[in-house]
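See structure below.
Below, chain A is the first sequence line, B the second, and so on; all start at residue 1. Both backbone and side-chain heavy atoms feed into the values below; hydrogens, waters and symmetry mates do not. The shown structure was predicted, so the numbers you read here are calculated from the model rather than taken from an experiment.
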There are 2 protein chains.
Amino acid sequence: MKRSSMENEVCAVARSLDVIGDWWTLLIVRDALAGLRRFGEFQRSLGAAKNILTTRLRALVAQGILETAPASDGSAYQEYRLTAKGRALVPVLVALGQWSNEHVFLPEQERILPVDRAQRLPIQPLQVVAADGRRLAPEEVHFDAPQRPPAGLS
Amino acid sequence: MKRSSMENEVCAVARSLDVIGDWWTLLIVRDALAGLRRFGEFQRSLGAAKNILTTRLRALVAQGILETAPASDGSAYQEYRLTAKGRALVPVLVALGQWSNEHVFLPEQERILPVDRAQRLPIQPLQVVAADGRRLAPEEVHFDAPQRPPAGLS
DNA sequence: CCGTATCCATTCCGATACTG
DNA sequence: CAGTATCGGAATGGATACGG
């Protein structure tokens with residue numbers, strides 16, 4: 001399957017993976033959420049080569065997940081900031097973090113989790129709630145064309 | 001950065017991406033959630049070459065996300081079923097689907113979303129809730145070592 | 001400090017052919 | 001049907017050197 005023929009993909013999961021399914025992308029978003037803005041900050045944090053960081057940042061800007069602005073320190077360079085679309089990825093990051101916390105880490109391993117910034121306490125487990133308010137178990141979730149309203153609230 | 005040196009990674013997001021960050025993996029989980037179990041079913045659904053599918057299925061079994069069982073139709077082959085660990089990925093899939101629904105699809109494009117199986121209505125937007133019950137905006141979420149309880153509820 | 005431009009190694013993936 | 005074996009091309013990533 002081609003990584004580039006997904007603009008017509010109908011599955012919302014596949015579609016999102018086409019945009020952010022790359023290894024670095026969500027880590028950049030995570031760092032941006034943590035307040036990193038400068039090229040060098042991302043590079044140090046990620047340990048990625050500069051050329052691939054450049055590519056990823058460009059792609060994220062092209063997708064509207066990051067936006068550039070003149071650097072606030074007066075230097076001639078850019079800052080990279082999350083857009084609303086980028087911030088909307090937070091539930092994805094939280095879901096990933098919670099999953100590995102419960103199912104991947106060994107009990108005594110140190111870990112960095114999604115936490116509430118104010119209290120530094122872990123976020124409550126994300127709950128999947130149906131349109132009528134029922135909490136759904138995993139088996140009750142399907143991927144399908146919805147009955148009526150595609151857009152609006154997801 | 002190496003895809004294989006992440007067993008000691010402390011960031012929960014990175015850790016999960018190391019396990020499921022590959023393009024095919026979450027699509028297989030999505031299909032398994034939809035009820036697909038047989039090799040050929042996955043192959044037709046994904047359009048992936050058989051050798052690739054073999055590799056991915058093996059990796060998922062090794063990670064404990066899928067498990068094999070003798071085929072229920074009496075044939076000599078295997079079935080692949082989600083484990084509890086695999087079903088726990090549903091919030092990740094829902095988060096991805098909701099994000100692309102709101103931020104990637106064009107308004108009039110058809111789409112397949114996470115829906116409640118009973119009603120075929122979209123799932124409510126996932127909410128990020130702090131330990132004390134406050135709903136958190138994206139900016140209020142950080143990734144950090146938690147104050148005290150790492151395991152247990154995420 | 002912020003990128004860009006090359007180069008090279010590796011990985012990945014699709015197609016195909018083959019086996020039980 | 002359910003895989004395994006092999007091959008070649010493409011994309012990716014890392015290292016490094018270079019330029020504004």
For this session: Considering just the side-chain nitrogens and oxygens of Arg38(A), establish if one lies under 4.0 Å of OP1 or OP2 belonging to dC2(C).
Result: yes
Exercise. Under 4.0 Å between a side-chain N or O of Tyr80(B) and OP1 or OP2 of dG3(D)?
Worked result: yes
Show which side-chain atoms of residues 64-72 of chain B pair as donor or acceptor with protein atoms under 3.5 Å away, not counting sequence neighbours.
{"residue": "Ser72(B)", "atom": "OG", "partner": "Glu79(B)", "partner atom": "OE2", "Å": "2.6"}

For this session: Identify, residue by residue, the members of residues 54-67 of chain B with a heavy atom below 4.0 Å from DNA chain D, and return them in order of residue number, or none.
Result: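 Output list: Thr54(B), Arg58(B).
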Exercise. Under 3.5 Å, is there a donor-acceptor pair between the Asn51(B) and Thr54(B) side chains?
Worked result: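 On atom types as modelled, these side chains do not qualify, holding no pair under 3.5 Å.
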For this session: State, without any angle test, whether Ser100(B) and Arg111(B) hold a side-chain donor-acceptor pair at a distance under 3.5 Å.
Result: no
Nucleotide [N], atom [atom2] - distance to [atom1] of [X] in whole Å:
X	N	atom1	atom2	result
Gln43(A)	dT16(D)	CD	P	13 Å
Trp23(A)	dT11(C)	CH2	C1'	16 Å
Arg44(A)	dC2(C)	CZ	C1'	11 Å
Asp22(B)	dT12(D)	CG	C1'	14 Å
Leu46(A)	dG13(D)	CG	C1'	14 Å
Leu17(B)	dG13(D)	CG	P	13 Å
Ile52(B)	dG8(D)	CD1	C1'	14 Å
Asp73(A)	dC2(C)	CG	C1'	12 Å

For this session: Output the distance between atom CG (Asp31(B)) and atom OG (Ser45(B)), rounded to the nearest 0.5 Å.
Result: 3.0 Å
Exercise. Can you tell me how far CG of Leu136(B) sits from CD1 of Ile123(A), rounded to the nearest 0.5 angstrom?
Worked result: 5.0 Å
Problem set entry | For His142(B), all residues meeting side-chain hydrogen bond (donor to acceptor under 3.5 Å, both in side chains), sequence neighbours excluded |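 Applying side-chain hydrogen bond (donor to acceptor under 3.5 Å, both in side chains) to His142(B) gives Arg117(A).
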Problem set entry | By side-chain hydrogen bond (donor to acceptor under 3.5 Å, both in side chains) - contacts of Arg15(B) (at least two apart) |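 Listed in chain order: Gln109(A).
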Exercise. Can you list every salt bridge (charged side-chain N to carboxylate O under 4.0 Å, His left out) pair that touches residues 133-145 of chain A, not counting sequence neighbours?
Worked result: Asp132(A)-Arg134(A), Arg134(A)-Asp116(B), Glu139(A)-Arg87(B), Asp144(A)-Arg120(B)
Problem set entry | Sugar-phosphate or base contact per nucleotide [nucleotides 15-20 of chain C; S, B, -; heavy atom under 4.0 Å] | B----B
Seminar exercise, completed: Shortest non-hydrogen pair, Trp99(A) vs Ser16(B), comes out as CE3-CB, 3.9 Å
Exercise. Between dC13(C), dC1(D), dG3(D), which one does the side chain of Phe39(B) approach most closely?
Worked result: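 In terms of side-chain proximity for Phe39(B), the closest of dC13(C), dC1(D), dG3(D) is dG3(D).
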